K.L.:
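Pasting a structure here, questions to come.
What you see is a predicted model, and the numbers here were worked out from it, not measured in a lab. All residue numbers in this chain count up from 1 along the given sequence. Both ligands and their constituent atoms are indexed starting at 1 by order of listing.
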Amino acid sequence: MRDLLPAERPAWRLVQDAAAAACRAFGYQEIEIPILEPLELVERGVGGDSDVVRKEVFRVQRQTERSAALVLRPEATAGVVRAYFEGGLNQLAQPVRLFTTGPMFRHDRPQRGRHRQFYQFDVEVIGDPSPAYDAEVIEMTWGWLAGLGLRGVSLELNSIGDAACRPAYLEALQAYYRPLAEQLHPDCRRRVEDSPLRLFDCKEEECQPVKAGAPRILDHLCSECAAAFAEVRRLLEAAGIDFTLNPQLVRGLDYYTRTVFEYQQAELGGAQNALGGGGRYDGLAATLGYPATPGVGFAGGLDRVVLALQEEGAALPPEATARLLVLPVGDGLERAAAEVGRRCRAAGSVAVDYSRRSLGAKMRAAARSGCAFVAIMNGEEAARRVVQLRDMASGEQREAGWDALAAMLA
Ligand code: HAM
């Protein structure tokens, strides 16, 4: 886990502000959910067999082991669906459009673009099965990435069917893979029986030729799933959004039905090239024990989007420090300096240098801080209620009364 230091904040703020603006433009409301969730919720939601739960979830140890096990949330969707029911959002006009941003936790080997504490911008539309919401989520999140000026982002799209058509497809997939088991990596040999869809996540060299010839889910969709997917594609075309059909895109979480999608940026490289992804999850609510309720959503990886922006050399403003620094020179001037600060804050940010170092040292620190003005004041000036106001860019300096300062800085 890493610290995000002030120098990184401007890029993060840009990305997060753009996410919130995109959501508000489409009428999405913000929600906050806890970072801890019951293990059972995550197991049922994300899938007890998924890598995320089997290998990556952080369990929280408690003093008493009598109550249910907790985990640090590896993603937000299961928690948002829980909150939707617990908070009575299912009683409101449907669907409910929600977004949240915050840290998620997955215990994987950290590397570029992959962290154990990472941040997501998460969007969920709960309570209506129309594929128009799939297209809306894509249009909004596509707009978010495009608005940030990221180059080389592609949208990959697939449908993975539903309870009506997926079982027959999985059988076809197993029937294709079983006679070829000898050629597969041991992990994939296990997947053929345990979780056949995960075969498409495999990056092992030896499995690629087998994978390339596997039956395509898009050829096995039932008529409802096929019609819904056609509608998503039509709506994206109407919105002018380019996409690539990727029949091997299955995503790493178990709750998806029908539409799945991912934004990829090749330059990020390797397994970390997904800037975000999502899809429809019409079976999730029932799996969690709530009334069957459809939903669709997306999560963007903020760490990766920030990394992509930095790699592109996007011009970002430096993290702001105080615009005016008050530099009292001499003993016993704290009260006067604090008052100058108080008077000027209406006109912008102000910090006071209360340290005991020399004026020269204070001036050097002020220059390094990047402030626009300094207000220098010794005891005699404090008694007269004036400061020497210096414009750091021009070097121009003049005396200013405390009463006039705020107006001069505005
Ligand atoms: P996900 O694909 O697991 O989906 O994660 C979404 C994004 O989070 C990824 O595309 C990636 O950018 C970022 N991400 C995931 N793991 C890490 C990591 N260890 N370090 C840095 N970034 C990471 C979900 O989480 C679903 N809940 C999305 C969703 C919402 N589906 C429906 N609603």
K.L.:
Are side-chain N/O atoms of Y281 and E124 paired as donor and acceptor at under 3.5 Å?
P.N.:
yes

K.L.:
Can you tell me which portion of R114 lies within the under-4.0 Å heavy-atom range of ligand 1? Options are side chain, backbone, both, or neither.
P.N.:
both

K.L.:
Within the structure, does R106 bring an N/O atom to less than 3.5 angstrom of an N/O atom in ligand 1?
P.N.:
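Yes: some nitrogen or oxygen of R106 is under 3.5 Å from one in ligand 1.
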
K.L.:
Report yes or no: do S355 and D353 form a side-chain donor-acceptor pair below 3.5 Å?
P.N.:
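Indeed, the side chains of S355 and D353 share at least one donor-acceptor pair under 3.5 Å.
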
K.L.:
Within the 4.0 Å heavy-atom shell around E124, which atoms of ligand 1 are there?
P.N.:
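Checking each atom against E124, I get 30 (C), 32 (C), 33 (N).
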
K.L.:
Suppose I only count heavy atoms of G276 and a 4.0 Å limit; which atoms of ligand 1 are within that range?
P.N.:
10 (O), 12 (O)

K.L.:
Between N158 and L218, does a side-chain contact (heavy atoms from CB on, under 4.5 Å) hold up when you go through it step by step?
P.N.:
CA-CA 8 Å; N158 193 21; L218 289 179; 3.4 Å; yes

K.L.:
Using a strict 4.0 Å cut-off to heavy atoms of G278, name the atoms of ligand 1 that fall inside it.
P.N.:
31 (N)

K.L.:
I'd like to check whether A274 has a polar contact with ligand 1, where a contact means an N/O of the residue lying under 3.5 Å from an N/O of the ligand.
P.N.:
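It does: an N or O of A274 is found under 3.5 Å from an N or O of ligand 1.
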
K.L.:
Could you find the nearest protein heavy atom to atom 24 (C) of ligand 1 and give me its residue, atom name and distance?
P.N.:
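Among all protein heavy atoms, the one nearest atom 24 (C) of ligand 1 is L253 CD1, 3.4 Å.
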
K.L.:
Are R114 and D108 within salt-bridge range, i.e. N to O under 4.0 Å?
P.N.:
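Answer for the salt bridge query: yes.
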
K.L.:
Between E262 and ligand 1, is there a nitrogen or oxygen pair with a distance under 3.5 Å?
P.N.:
no

K.L.:
Looking at E339 and R343, is any side-chain nitrogen of the basic one under 4.0 Å from a carboxylate oxygen of the acidic one?
P.N.:
yes

K.L.:
So if I count the atoms of ligand 1 from 1 in the order they appear, which ones are less than 4.0 Å from some heavy atom of E75?
P.N.:
25 (O), 26 (C), 27 (N)

K.L.:
Tell me, with the steps shown, if T77 and Y255 meet side chain to side chain donor-acceptor pair (under 3.5 Å).
P.N.:
CA-CA 10 Å; T77 308; Y255 48 62; 3.1 Å; yes

K.L.:
Between F298 and ligand 1, does any nitrogen or oxygen pair lie at a separation below 3.5 Å?
P.N.:
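Yes; the residue has a nitrogen or oxygen that sits under 3.5 Å from a nitrogen or oxygen of the ligand.
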
K.L.:
Record the part of Q120 in heavy-atom contact with ligand 1 below 4.0 Å; permitted values are side chain, backbone, both and neither.
P.N.:
side chain

K.L.:
Counting from 1, what ligand 1 atoms have a heavy atom of G113 closer than 4.0 Å?
P.N.:
20 (N), 21 (C), 22 (N)

K.L.:
Could you walk me through whether F85 and Y290 pass ring pair (Phe, Tyr, Trp, His ring centres under 6.0 Å), step by step?
P.N.:
CA-CA 7 Å; F85 287 103; Y290 299 111; 4.4 Å; yes

K.L.:
Determine the minimum heavy-atom distance between E206 and L184, stating which atoms define it.
P.N.:
OE2-C, 4.1 Å

K.L.:
Can you confirm whether Q29 is buried at CD, in the sense that more than 12 heavy atoms of other residues, nucleotides or ligands lie under 6.0 Å from that atom?
P.N.:
no

K.L.:
When you compare the side chains of Y28 and E136, does any donor N or O come within less than 3.5 Å of an acceptor on the partner?
P.N.:
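A donor-acceptor contact under 3.5 Å links the two side chains.
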
K.L.:
Regarding R234 and E237, does a basic nitrogen lie under 4.0 Å from an acidic carboxylate oxygen?
P.N.:
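So R234 does not pair with E237 through a salt bridge.
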
K.L.:
Distance to 0.1 Å, residue and atom name: give those for the protein heavy atom nearest to atom 11 (C) of ligand 1.
P.N.:
R304 NH1, 3.4 Å

K.L.:
Take T259 and D134 through the test side chain to side chain donor-acceptor pair (under 3.5 Å) and record every step on the way to the result.
P.N.:
CA-CA 7 Å; T259 312; D134 309 23; 2.6 Å; yes

K.L.:
Side chains of E311 and Q265: is there a donor and an acceptor less than 3.5 Å apart?
P.N.:
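No donor-acceptor contact under 3.5 Å links the two side chains.
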
K.L.:
Should we count CZ of R190 as having more than 12 external heavy atoms under 6.0 Å?
P.N.:
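Counting neighbours around CZ of R190, more than 12 heavy atoms of other residues, nucleotides or ligands fall under 6.0 Å, so yes.
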
K.L.:
Considering the heavy atoms of D122, write down every atom of ligand 1 situated less than 4.0 Å from one of them.
P.N.:
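Checking each atom against D122, I get 30 (C).
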
K.L.:
Among protein heavy atoms, which lies nearest atom 2 (O) of ligand 1, and at what distance?
P.N.:
R251 NH1, 2.9 Å

K.L.:
Just which atoms of ligand 1 are under 4.0 Å from any heavy atom in Y256?
P.N.:
26 (C), 28 (C), 29 (C), 31 (N), 32 (C)

K.L.:
Which residue holds the protein heavy atom closest to atom 7 (C) of ligand 1, what is that atom called, and what is the gap in Å?
P.N.:
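For atom 7 (C) of ligand 1, the nearest protein heavy atom comes out as A299 O, 3.6 Å.
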
K.L.:
Starting from atom 30 (C) of ligand 1, which protein heavy atom do you reach first, and at what distance in Å?
P.N.:
T77 OG1, 3.0 Å

K.L.:
Between Y255, F261, F105, F118, flag the one that comes closest to atom 17 (C) of ligand 1 by a heavy atom.
P.N.:
F118

K.L.:
What part of D108, side chain from CB on, backbone N/CA/C/O, both or neither, has a heavy atom under 4.0 Å from ligand 1?
P.N.:
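For D108, no heavy atom sits under 4.0 Å from ligand 1.
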
K.L.:
Where is the nearest protein heavy atom to atom 13 (C) of ligand 1: which residue, which atom, and how far?
P.N.:
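Answer for atom 13 (C) of ligand 1: G301 CA, 3.6 Å.
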
K.L.:
How close does the nearest protein non-hydrogen atom get to atom 19 (N) of ligand 1, and which residue and atom is it?
P.N.:
H115 O, 2.9 Å

K.L.:
For L275, take its heavy atoms, then give the atoms of ligand 1 lying under 4.0 Å from any of them.
P.N.:
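This gives 10 (O), 12 (O) as the contact atoms.
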
